[in-house]
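Note on naming: letters A, B, ... go to the chains in the order of the sequence lines (proteins, then strands), and numbering restarts at 1 for each one.
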Amino acid sequence: MASSPALTSPAWLDGLNPPQRQAVLTTEGPVLILAGAGTGKTRALTARLAHILYSRLAWPSEVLAVTFTNKAAREMRHRMEMLVGEMAEGMPFLGTFHAIAARMLRRHAGLVGLDANFTILDTDDQLRLLKQVVAEAGLEEKRWPAKQLAGMIDRWKNRGELPTDVPPGESLSFGDGTPGTAGATLYARYQQRLAALNAADFGDLLLHMLTIFDQHPDVLAEWRKRFKYILVDEYQDTNSAQYRWLTLLAADRRNIACVGDDDQSIYSWRGAEVANILRFEKDFPGATVIKLEQNYRSTAPILAAANGLIAHNKGRIGKALFTGDTSAGEPIKVIGVWDGPEEARLVGDKAEQLARDGSSLNDMAILVRAQFQTRAFEDRFVSIGLPYKIVGGFRFYERAEIRDALAYLRIVASPNDALAFERIVNVPKRGLGDKAMGALHAQARRMDRPLPQAAASLVDTDELTPAARRSLKAFLADLARWREQAADLPHAELARVILEESGYVAMWQADKSVEADGRLENLIELTRAMADYPSLTAFLEHVSLVMDNDANDASEKLTIMTLHAAKGLEFDHVFLVGWEEGVFPSQRAMDEGGTKALEEERRLAYVGITRARRSATIIHAANRQIYGQWTAAIPSRFISEIPPAHVDVSSTMSGGPSLWRAALANSGAGGDPFGDVQRGTGRGPGWARAAQHGGFARDAGGGRLAANRTPAIEVRASAVSVGLKGRSDVAVGARVFHTKFGNGTVTAIDGNKLEIDFEHAGAKRVLDSFIEIVG
DNA sequence: TATATTAACGTTTTT
DNA sequence: CGTTAATATA
């Protein structure tokens, strides 16, 4: 049907505006699509793919479509399936940079000294290994943290630099100057260790491919021939290594389309180079540049606010979002509050109000700059029983019990996996501690063989204590038995057998800590998920690259997440909290990166505002507790950068902003809340400095000014002097019921707050007024 | 070897 | 203030 020149346009072009249409139809030659927030970027991208496939310009396997996150890849695959049906399933090269590079690397692993079944290390394994490398070099771990070296190596790999390419100055910024301790030397040693372990870290997946492309033109030619069309999403987030990988692959046909938004570049600290956008037209002369500027998401005031804010950045490509929707929207609300707890209270109230007015909690989000800000909201929402979810934190496969279970599976699947062996050889406790492991390592070095082989040779010598020898022998026998069983048991079943027989499940069953139950559930979930994969190795590949924990809970919840995590999402109502100097823009970012960092913070603010479909509420607090210290805070400069016409300013403090202005002047923190902002000098975080100048916390004047608002500080004071009266009918050990968390047991009482170990929700602190006593 | 105490530290985060 | 990691002790 696509081949006949129909009068009506094909289905995938329906409803596209002219630039979107151009983005879909310009299939030949390099294309740079600058797509602002909410301009239908993903829609155009998927339509472009559909167009290429339906017009028979290429087979699904001849298209390379890269994204950054698994979430984005899944989303694209999902939307492709809606457009082109089962054709999308045949797209083997739709995925993240890392997943695709890993798939390619498995095919050519031998060219960089790896086996095709190499293991992919996560950051935890990586750090463990680097600690060994640092220790071997004779460096003090305290003075030269492996974590710092990990960061440096990561940066180098992001730039596509091998140990020999590292700039000497950077190399010498690690190590004490004695030979063999420089950063690049340790980097080289780390690579040797990886090779010996038949392992690659995330950065290697791309870097090894670059090495292979450089040294084996035939391999590069093969891939160039294969990919007729290349498509890149979130292009502003590409790092140098990814850029090179892309340009190498695209060089022949030059059918590469990159979609990005320089104003949404918020990952430069992770190696992303916005400059890649500007480079594109240089490296691909004659590229078609298409701008998507019509926003289909937000109201006019929200867009005007976002445009006005981002206009303060220099060096933009320049883009202005507009909306076809002329119906007026409400202006952005800016609300000043007394402190963090009040901020949480206010947002809770507003969310409940919106919910009463018919909005779903799923359509609301609280966006924070940093993870520590989530706690205040969590505390508040727990006590008022408002359902919420916090996005971020540990991913499923990063949890200790999952990593342990995977290590068991890995050592069974690949007997020489030294890291897996080391991780679980004494988990659960088998009496093989530091001493026994030291002997094993020594033996491995002597034999120049992987640790598991050294273990096998050591059971028959008398180097270990009889107890340790017996224990190790039993463990190796277990491993051998499981490997035999692997042949005829389905892999999910095998996993259950291993976890059971190894005593790993028993270990958690015996654990009386609050997390134990959750961990056991996670293990069950793991074995359940395994069934979805054809083989153990397929599952292991998937889990190291792609698995994450989507909370599969359909109930309505208010989302709390970082601004970074919010990119690509949208909500009807967005709460932008903690807009204070030092918090947002983050002091640390500004201390480290100067103007460049400030601009990135501003882009973050832009991302935040443009998440909102209908309403955006910015909140700033006059006082905030950071690291347990009360600190006076000044409203973020970003607030004053939003065109006033689109802002509605208010304050929950009595007397409004003017009184607060007086309070600020009194406190010595200085500065007019809406005026220019003082720049801190000296060392340490800005907020800590401000506190030393005398914040509100210990300032009687500040307290008095707002006394009729019963600020949290006053409440705290009274809590100390009077003591918050808890109810007298609960005691530690009492069985209680909470409407949200269900049944639990009281583990501690602190005034009117109870610490309860809930059967399903885990340990929480809740107000005693929200619980009922059971039985 | 396992547990208790203390010191340090404290953005953003994907793969 | 709370958490985690490293160290001291039973």
Side-chain angles (χ1 to χ4, degrees), chain A residues 66-73 95-102 120-127 131 140-142 145-147 151 154 157-158 200-207 234 237-239 241-242 265-272 340 367-376 379 391-395 397-398 426 429-437 465 467-468 541-548 561-568 578 582-593 597 600-601 603-605 607-608 624-631 684-685 687-688 716 765:
Chain A
V66 268
T67 63
F68 271 83
T69 63
N70 293 307
K71 201 166 77 181
T96 63
F97 275 101
H98 291 87
I100 292 169
I120 298 167
L121 299 196
D122 60 25
T123 37
D124 212 68
D125 292 324
Q126 194 184 359
L127 207 60
K131 273 186 181 156
E140 225 186 307
E141 162 78 27
K142 269 212 162 140
K147 220 172 167 179
D154 208 45
K157 288 188 175 175
N158 283 341
D201 65 20
F202 285 118
D204 282 340
L205 298 175
L206 272 145
L207 195 56
E234 302 285 13
D237 289 337
T238 47
N239 61 37
Q242 290 159 340
S265 162
I266 55 176
Y267 284 109
S268 74
W269 50 274
R270 217 172 64 190
L367 306 185
V368 298
R369 173 69 239 278
Q371 211 71 53
F372 74 84
Q373 294 170 265
T374 59
R375 179 172 295 150
D379 286 351
V391 174
F394 269 104
R395 268 156 291 286
Y397 65 86
E398 282 173 349
N426 201 32
K429 297 273 185 291
R430 295 188 176 90
L432 299 165
D434 287 348
K435 229 174 116 202
M437 288 314 289
T465 62
E541 170 83 2
H542 174 84
V543 88
S544 55
L545 282 171
V546 193
M547 197 140 157
D548 49 17
M561 64 176 137
T562 63
L563 288 157
H564 283 92
K567 194 173 72 159
V583 176
F584 187 44
S586 145
Q587 190 63 46
R588 184 148 165 194
M590 293 187 321
D591 286 349
E592 278 169 22
E600 181 145 322
E601 296 285 298
R603 290 194 290 270
L604 208 43
V607 167
R624 200 169 283 279
Q625 202 177 18
I626 290 162
Y627 305 146
Q629 281 261 308
W630 279 101
T631 302
W687 50 68
R716 291 172 77 85
R765 281 171 72 86

Atom-pair distance (CE on A:Met590; C1' on B:dT11), nearest Å
12 Å
Whole angstrom value for the distance that separates C1' of B:dT15 from CZ of A:Arg270
8 Å
Parallel, tilted or perpendicular for A:Trp269 and A:His564, by the 30°/60° rule?
perpendicular
Looking only at side-chain N and O atoms, does A:Gln242 come under 4.0 Å of OP1 or OP2 in B:dT15?
no
Closest-nucleotide ordering on DNA chain B, the 5'-leading residue of A:Gly203 and A:Lys142:
A:Lys142
Which of these, A:Val368, A:Leu367, A:Thr374, sits in a side-chain contact (heavy atoms from CB on, under 4.5 Å) with A:Met561?
A:Leu367
Within the structure shown, what part of the strands sits under 4.0 Å from A:Leu432 by heavy-atom distance: base, sugar-phosphate, or nothing?
sugar-phosphate
In whole angstrom, what separates A:Ile626's CD1 from C:dT3's P?
17 Å
Does A:Glu600 reach a base, just sugar-phosphate, or nothing at all? Heavy atoms under 4.0 Å.
nothing
Describe the nucleic acid contact of A:Glu601 in one word from base, sugar-phosphate, nothing, applying a heavy-atom distance below 4.0 Å.
base
Taking the same atom, P, in B:dT12 and in C:dA5, what whole-Å distance lies between them?
15 Å
Write down the distance between CG (A:Leu127) and P (C:dA5), rounded to a whole number of angstrom.
10 Å
Write down the distance between NZ (A:Lys567) and P (B:dT11), rounded to a whole number of angstrom.
21 Å
With respect to the side chain of A:Thr69, which nucleotide from B:dT13, B:dG10, B:dT15 is positioned closest?
B:dT15
So, taking the atom named OH in A:Tyr267 and the one named CG in A:Leu604, what distance separates them when rounded to the nearest 0.5 Å?
9.0 Å
Of the nucleotides B:dT11, C:dA6, B:dT12, which has the atom closest to the A:Arg588 side chain?
B:dT11
By a 5.5 angstrom centroid cut-off and a 30 degree plane limit, is there stacking between A:Phe372 and B:dG10?
no
base_contact_polar (B:dT12 base, A:Arg369 side chain, donor-acceptor, <3.5 Å):
yes
Is there a side-chain polar atom (N or O) of A:Asn70 under 4.0 Å from OP1 or OP2 of B:dT14?
no
Among B:dT11, C:dC1, B:dA2, the one nearest A:Ser586 by side-chain distance
B:dT11
Pick base, sugar-phosphate or nothing for A:Arg375, based on heavy-atom distances below 4.0 Å to the nucleic acid.
sugar-phosphate
Can you tell me how far P in C:dG2 sits from the matching atom in B:dT13, rounded to whole Å?
22 Å
Roughly how far, to the nearest 0.5 Å, is OG1 of A:Thr123 from CG of A:Asp201?
10.0 Å
Does some side-chain heavy atom of A:Lys157 sit less than 4.5 Å from a side-chain heavy atom of A:Leu206?
no
Base, sugar-phosphate or nothing for A:Ala370? Non-hydrogen atoms, less than 4.0 Å.
sugar-phosphate
Of the candidate nucleotides B:dT13, B:dA2, B:dT11, which contains the atom at the shortest distance from the side chain of A:Ala589?
B:dT11
Could you tell me the separation between the CG atom of A:Asp237 and the NZ atom of A:Lys567, rounded to the nearest 0.5 Å?
3.5 Å
If the cut-off is 4.0 Å, is A:Tyr627 near the phosphate of B:dT11, judged by side-chain N/O to OP1 or OP2?
yes
If you compare every side-chain N and O of A:Thr562 against the phosphate oxygens of B:dT13 (OP1, OP2), does one of them come in below 4.0 Å?
yes
Length of the line joining A:Asp237:CG and B:dT15:P, which is rounded to integer Å:
12 Å
Please give, in whole Å, the distance from B:dT14 C1' to A:His98 NE2?
8 Å
Spacing between A:Phe202 atom CZ and B:dT14 atom P, to the nearest angstrom:
11 Å
Step-by-step side-chain contact (heavy atoms from CB on, under 4.5 Å) determination, A:Glu234 to A:Thr67:
CA-CA 7 Å; A:Glu234 302 285 13; A:Thr67 63; over 6 Å; no
Identify whether any heavy atom of A:Gly431 sits under 4.0 Å from a base atom; if not, whether one sits that close to sugar-phosphate; answer base, sugar-phosphate or nothing.
sugar-phosphate
